[in-house]
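In what follows, a structure is listed as structure tokens, so that the remarks can point back to it.
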There are 2 protein chains.
Amino acid sequence: MSSATILVVDDEPQIRKLLEISLEANGYKVLQAQSGKEGIMLAASHLPDLIILDLGLPDKNGHEVLRELRNWYNRPVLILSVIDHESDIVTALDEGAADYLTKPFRTAELMARIRSALRHNQSTETNTVINCGDLVIDLAARLVKKNGEIVKTTSTEFNLLALFVRNEGRALTHQYILKEVWGVGYQEETQYLRVFVGSLRKKIEDNPNKPKHLITESGVGYRFV
Amino acid sequence: MSSATILVVDDEPQIRKLLEISLEANGYKVLQAQSGKEGIMLAASHLPDLIILDLGLPDKNGHEVLRELRNWYNRPVLILSVIDHESDIVTALDEGAADYLTKPFRTAELMARIRSALRHNQSTETNTVINCGDLVIDLAARLVKKNGEIVKTTSTEFNLLALFVRNEGRALTHQYILKEVWGVGYQEETQYLRVFVGSLRKKIEDNPNKPKHLITESGVGYRFV
DNA sequence: ATCATTCTTTAGGATATCTTTATCTCCCTC
DNA sequence: GAGGGAGATAAAGATATCCTAAAGAATGAT
């Protein structure tokens, strides 16, 4: 056994403890976070092989955390939740969750589903470092380099850029981009996009007035090449 | 929609019917088998993108079927079962099942889990690329290539071209084109069409005066070949 | 509490695209 | 070969879209 690392994001201490014991008994290394924010930070810094995420967190909506993770974290995220609403399950799965279990869960089943998720992921080992000419983007490390030099980006800027590089060559509509980066309810805020595309261009383009990477598709959206 | 093919292996006719209706409503092609033996044969002959397998089959133990499939079939197998025993779930998952749902299942959740399994498998790439001689048009990426080189099109130009390639070989009337691209209320603006067909020809034809793709049907409209 | 950073909002000017007009070509009929 | 209709083209005008800078608001760190 390769002793994979698993991050548990849950605000209930007794659940964390239970999971810690069960997971370690099965030979996994365990990281713990009590809030969505802490979870995202730990995920970024330690890059666990799998994340167990409770949807009912105190600081953020679990779906938000999931979406934020999915921008750059492409390993399995397993959802735990007390909520057994079908719509919640459907939403989480469509947001990219690998599985969805309702509390109270059965430990052996959880372990089997973790094995399944990890096994499945092994085959699709995807590289998180993307190379685009003079640009290097590391989705996991949330790092952008231009000609070898690190480019500092804010969180939103990076999420936007990550969306672009994951859809290289494809024209993305304003609405789609806004939904993916800002979430539903922001789909009409086209101006946000203009401002952030502007600041991204200043950082990654040789000549921001003549962008070679971030092309605007007038009346449609933007395209990354 | 990519119209993936899904094989349903279940001995209960009413379950098969329910699944058939739900799956087809979601745009999947459906194959059906009543027994494990028939299921394996159909899987081998048709190579579906996903298999839904009931564990409680008359002729064979479902686990046997699963193990047999796993020898050569590496796409997702989703287990349906009336049995909610943890040991059964664990066994099935460790035998390589992609997921395990207990009957009675919820349709929307099942559909979401199917999407998740297919997405993970990625084998069913949506094909939106249309090839027309020297032209390549990617409807999803909004990209036009002529002899391998990218042709820049405005939004309306692309919409117009997309309408043409989707109706290749067919003569489209002015009215119809105007309604589809500009919307109702523009059906008399034939001059728009002339202008835009003109600019499209300049971009995609070798010799815009002797168009080979965008043929005018005098008194009627245009035809794309 | 204060400061720094990031995000949101506003406003103006710049650009691209669309619309309209005018002129020209082609083809058919007489 | 003159006239008319349908279509093509070019270019000017109108409009929608986009970009930039910068100020205000929110957030987070010290």
Side-chain angles (χ1 to χ4, degrees), chain A residues 35-38 40-41 44 59-60 64 68 71 142 144 151-161 164 171-175 177-178 180-183 185-205 207-224, chain B residues 142 144 151-161 164 171-175 177-178 180-183 185-205 207-224:
Chain A
S35 66
K37 201 181 138 195
E38 193 190 348
I40 288 171
M41 279 172 52
D59 59 338
K60 292 196 181 203
E64 277 176 47
E68 204 163 326
N71 283 332
R142 293 180 75 77
V144 183
V151 178
K152 190 169 179 291
T153 55
T154 72
S155 167
T156 309
E157 281 167 6
F158 186 87
N159 291 342
L160 182 59
L161 182 58
F164 278 127
L172 305 176
T173 65
H174 296 132
Q175 287 212 340
I177 300 170
L178 286 161
E180 290 295 315
V181 176
W182 278 265
Y186 287 80
Q187 297 176 24
E188 307 306 319
E189 304 286 353
T190 316
Q191 183 56 15
Y192 287 18
L193 204 44
R194 300 214 178 93
V195 173
F196 275 83
V197 165
S199 65
L200 262 185
R201 291 216 257 238
K202 270 195 246 175
K203 294 183 180 183
I204 66 168
E205 297 281 1
N207 179 0
N209 300 324
K210 297 260 167 53
K212 285 183 339 186
H213 288 299
L214 261 173
I215 310 299
T216 130
E217 295 282 329
S218 196
V220 180
Y222 295 91
R223 181 198 306 273
F224 185 85
Chain B
R142 293 183 78 85
V144 182
V151 178
K152 191 171 178 291
T153 55
T154 71
S155 172
T156 309
E157 282 167 7
F158 185 87
N159 292 341
L160 182 59
L161 181 58
F164 278 127
L172 305 175
T173 66
H174 296 134
Q175 286 212 341
I177 300 169
L178 285 160
E180 289 296 314
V181 176
W182 279 265
Y186 287 79
Q187 299 176 23
E188 307 306 319
E189 304 285 355
T190 317
Q191 181 57 15
Y192 287 16
L193 206 42
R194 299 209 181 96
V195 173
F196 276 83
V197 165
S199 65
L200 262 185
R201 278 178 179 153
K202 269 195 251 178
K203 294 183 180 183
I204 66 168
E205 298 283 0
N207 181 358
N209 300 324
K210 298 259 167 53
K212 286 183 341 188
H213 287 299
L214 260 173
I215 311 299
T216 129
E217 297 282 332
S218 199
V220 181
Y222 296 91
R223 178 200 307 273
F224 184 86

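Convention: sequence-line order gives letters A, B, ...; per-chain numbering from 1. Just so we're clear, the structure is a prediction, and the values are computed from it rather than from any experiment.
Take B/Glu157 and apply the salt bridge (charged side-chain N to carboxylate O under 4.0 Å, His left out) test, not counting sequence neighbours, and it matches B/Lys203. Residues meeting the side chain to side chain donor-acceptor pair (under 3.5 Å) test with A/His213, sequence neighbours left out: A/Asp134. Scored by the ring-ring contact (aromatic ring centres under 6.0 Å, His included) test, B/Phe164 finds no partners at all (sequence neighbours excluded). With sequence neighbours excluded, the residues forming a salt bridge (charged side-chain N to carboxylate O under 4.0 Å, His left out) with B/Lys212 are B/Asp206, listed by chain and number. Considering only residues two or more places apart in sequence or on other chains, B/Asn207 meets the side-chain contact (heavy atoms from CB on, under 4.5 Å) condition with B/Asn209, B/Lys210. Partners of A/Gln187 according to the side chain to side chain donor-acceptor pair (under 3.5 Å) rule, which considers only residues two or more places apart in sequence or in another chain, do not exist here. Remark: A/Glu38 engages A/Ala33, A/Gln34, A/Ser35, A/Leu42 in a side-chain contact (heavy atoms from CB on, under 4.5 Å) (not counting sequence neighbours). B/Arg142 pairs by the side-chain contact (heavy atoms from CB on, under 4.5 Å) definition with A/Ala171, A/Val220, A/Arg223, B/Ser155, B/Phe158, B/Asn159, not counting sequence neighbours.
One atom, CD of A/Glu205, and another, P of D/dC19, lie 12 Å apart when rounded to the nearest Å. Separating the CG atom of A/Leu160 from the P atom of C/dT6 is a distance of 15 Å, rounded to the nearest angstrom. Note: NZ (B/Lys203) to C1' (C/dT17) measures 10 Å, nearest angstrom. Between the CG atom of A/Leu200 and the C1' atom of D/dC19 there is a distance of 14 Å, rounded to whole Å. Atom CZ in A/Phe158 sits roughly 19 Å away from atom C1' in C/dC7 (whole-Å rounding). Distance, A/Leu193 CG to D/dT20 P: 13 Å, rounded to whole Å. The distance from atom CD of B/Glu189 to atom P of D/dA14 is 17 Å, rounded to the nearest whole Å.
In terms of phosphate contacts, A/Ser155 brings no side-chain nitrogen or oxygen within less than 4.0 Å of OP1 or OP2 of C/dT6. The phosphate of C/dT9 (OP1 or OP2) has a side-chain N or O of A/Tyr192 nearer than 4.0 angstrom. OP1 and OP2 of C/dA14 both lie 4.0 Å or more from every side-chain N or O belonging to A/Asn209. Contact annotation: A/Lys152 reaches the phosphate of C/dT6 (side-chain N/O to OP1 or OP2, under 4.0 Å). B/Lys202 has a side-chain polar atom (N or O) that falls below the 4.0 Å cut-off from OP1 or OP2 of D/dA10. The phosphate of C/dT19 (OP1 or OP2) has a side-chain N or O of B/Trp182 nearer than 4.0 angstrom.
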Inset, instruction - Sugar-phosphate means primed atoms, P, OP1 and OP2; the rest is base. With that split, encode nucleotides 23-30 of chain D 5' to 3' as B, S or - using protein heavy atoms under 4.0 Å. - result: --------
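Residues A/Leu193 and A/Glu189 are not in side-chain contact: their nearest non-hydrogen atoms beyond the backbone lie 4.5 Å or more apart. Side-chain atoms of B/Thr156 and B/Tyr192, non-hydrogen and from C-beta on, never get closer than 4.5 Å to each other.
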Could you list all N or O pairs between the protein and nucleotides 24-27 of chain C that sit under 3.5 Å apart?
none

Using a cutoff of under 3.5 Å, can you pull out all pairs of nitrogen or oxygen atoms linking the protein to nucleotides 3-7 of chain D, with atom names and distances?
residue, atom, partner, partner atom, Å
D/dG7, OP1, B/Gly219, N, 2.8
D/dG7, OP2, B/Arg194, NH2, 2.9

Identify all pairs in which a protein N or O lies below 3.5 Å from an N or O of nucleotides 11-13 of chain D, and state each distance.
none

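Expressed to the nearest 0.5 Å, how far OH of B/Tyr222 lies from CZ of B/Phe196 amounts to 12.5 Å. Interatomic distance, B/Glu217 CD to B/Thr173 OG1, rounded to the nearest 0.5 Å: 11.5 Å.
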Inset, instruction - In sequence, state the C-alpha distance, the side-chain angles, and the governing distance for B/Leu200 and B/Phe224, and then conclude on side-chain contact (heavy atoms from CB on, under 4.5 Å). - result: CA-CA 12 Å; B/Leu200 262 185; B/Phe224 184 86; over 6 Å; no
Legend entry - side-chain contact (heavy atoms from CB on, under 4.5 Å) assessment of B/Thr216 paired with B/Arg201: CA-CA 11 Å; B/Thr216 129; B/Arg201 278 178 179 153; 2.9 Å; yes
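Distances were taken from every side-chain heavy atom of A/Tyr186 (C-beta onward) to each of C/dT8, D/dT20, C/dT19; the shortest belongs to C/dT8.
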